[in-house]
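Excluded from the calculations below are hydrogen atoms, water molecules and symmetry mates; all remaining heavy atoms, backbone and side chain alike, are included.
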Amino acid sequence: MRSRFRVPESLTSLADSQDGILTVDQAFEHGLTRSSLARLTDQGIWYRVGRGVLSLRRPPLHWEAQVRAGVFLGGPHAMAAGRSAAFLWGMTRDRPKVIEIYLPHGRKTPSVPPWKFSRRVHLPLPEGELPRTPIAHTVLDLCTIEPTRIINWIDAGLHHDQFNGQLLLTALDARARLKNRKLIRAITLDHLSGLHTELERLYRTNVAEPHGLPKAEHQVWTAGGRSDLKMWDLIVELDGRLGHEGVGRFRDMDRDNANLVNGQSTLRYGWYDCNFRPCQSARQIAHVLRRMGHPVALRSCPRCAGNW
């Protein structure tokens, strides 16, 4: 026999629920002694991951087990953060090679691959069975790490059913020194007002507001399904490439046809229209609305002289 004692089933069950990872303290709480732990590791039955952390499974550990081990190595109140938390929340499909773990300020744990330990003065309460930063704080961390992708990270967070824009504003108010806070607040307020994509923001900024177009309803349900914008009986669809190619193209046709049967016309605009010919786009929309009998007083913007 490789060992003269039997590991309690309760401890094995606990390890199974923790991706095969245990702390030494948990082992002690279930009746194991230092000598029994030494025997288990010396015989290659269990494996040492780091100070005070053990694995019941032979390395290399799978990614979630590495995160769990990192949290245990960090000690009480430690949690996965950054891109690691983003993956755990389903905000990205990519498992990061470097696993970032936040620690309470004052605790020091040396970073060794694959873990990067960072101390924080004001840590939020961790969430999830595998402890991680709350979604709002995860989004704000990622906006700091990748400021060129602020819009993407906010959009990714807001697709989670446990998250909304108000939670992000509350977390933002708690972090007074955060970079780009004004931009993050503006984008979040846009989401709360119904602007859900960057293309919608471009439409509002370049097409609608500078030319005085009527205020549109956003993300409304019509006869053909959900549409981006609606002004009286005119539907305006803003088409990025994603979702509007292949099968998506035929869904768009079905939706436009269904709306037309119900007396609603559709105009479609993409990135090029909202970026490089917003004045022509505004003029088309105004023309159709006037033809429908709606008085629209279109005004010129500084770009109009070169675009009309």
Should the ring pair H294 and W232 be called parallel, tilted or perpendicular, given that the plane angle runs from 0 to 90° and is split at 30 and 60?
parallel
For R58, I'd like to know if atom CZ has over 12 heavy atoms of other residues, nucleotides or ligands within 6.0 Å.
no
Members besides V112 in its Ile/Leu/Val/Met/Phe/Trp/Tyr cluster (side-chain heavy atoms under 4.5 Å):
I21, V49, V53, L61, W63, V67, V71, F72, L73, F87, L88, I99, I101, L103, W115, F117, L130
Is D94 reaching over with its side chain to a backbone N or O of P96, donor-acceptor style, under 3.5 angstrom?
no
Spell out, yes or no, whether I45 and L14 are grouped together once hydrophobic residues are joined by side-chain heavy atoms under 4.5 Å, including indirect joins.
yes
Please say whether more than 12 non-hydrogen atoms of neighbouring residues, nucleotides or ligands are located less than 6.0 Å from NZ in K230.
yes
Just verifying a value: how many Å separate H105 NE2 and S118 OG, rounded to the nearest 0.5 Å?
13.0 Å
Do you know which two heavy atoms are closest between S227 and E237, and how far apart they sit?
OG-OE2, 3.0 Å
Between R132 and E100 (salt bridge meaning N to carboxylate O under 4.0 Å), is one present in this structure?
no
Kindly compute the distance separating NZ (K97) from CD (Q66), expressed to the nearest 0.5 Å.
12.0 Å
Could R268 and D228 be called an ion pair, given the rule that one side-chain N must be under 4.0 Å from one carboxylate O?
no
Does a salt bridge link R299 with E209, judged by any charged N lying under 4.0 Å from a carboxylate O?
no
Between H211 (side chain only) and V207 (backbone N and O only), is there a donor and an acceptor less than 3.5 Å apart?
yes
Checking Q166 against T188 for the side chain to side chain contact (heavy atoms under 4.5 Å, CB included) test, could you report, in this order, the C-alpha distance in whole Å, the side-chain angles of both residues, the deciding distance, and whether it holds?
CA-CA 8 Å; Q166 193 56 55; T188 305; over 6 Å; no
Is H77 atom NE2 crowded by more than 12 heavy atoms from other residues, nucleotides or ligands, each under 6.0 Å away?
no
Side-chain donor-acceptor pair under 3.5 Å between S10 and S13, yes or no?
no
Can a salt bridge be assigned to the pair R149 and D155 using a cut-off of 4.0 Å between side-chain N and carboxylate O?
no
Verify, without hydrogens or angle tests, whether Q26 (side chain) and T23 (backbone) share a donor-acceptor contact under 3.5 angstrom.
yes
Flag if over 12 foreign heavy atoms under 6.0 Å of CZ, R51
no
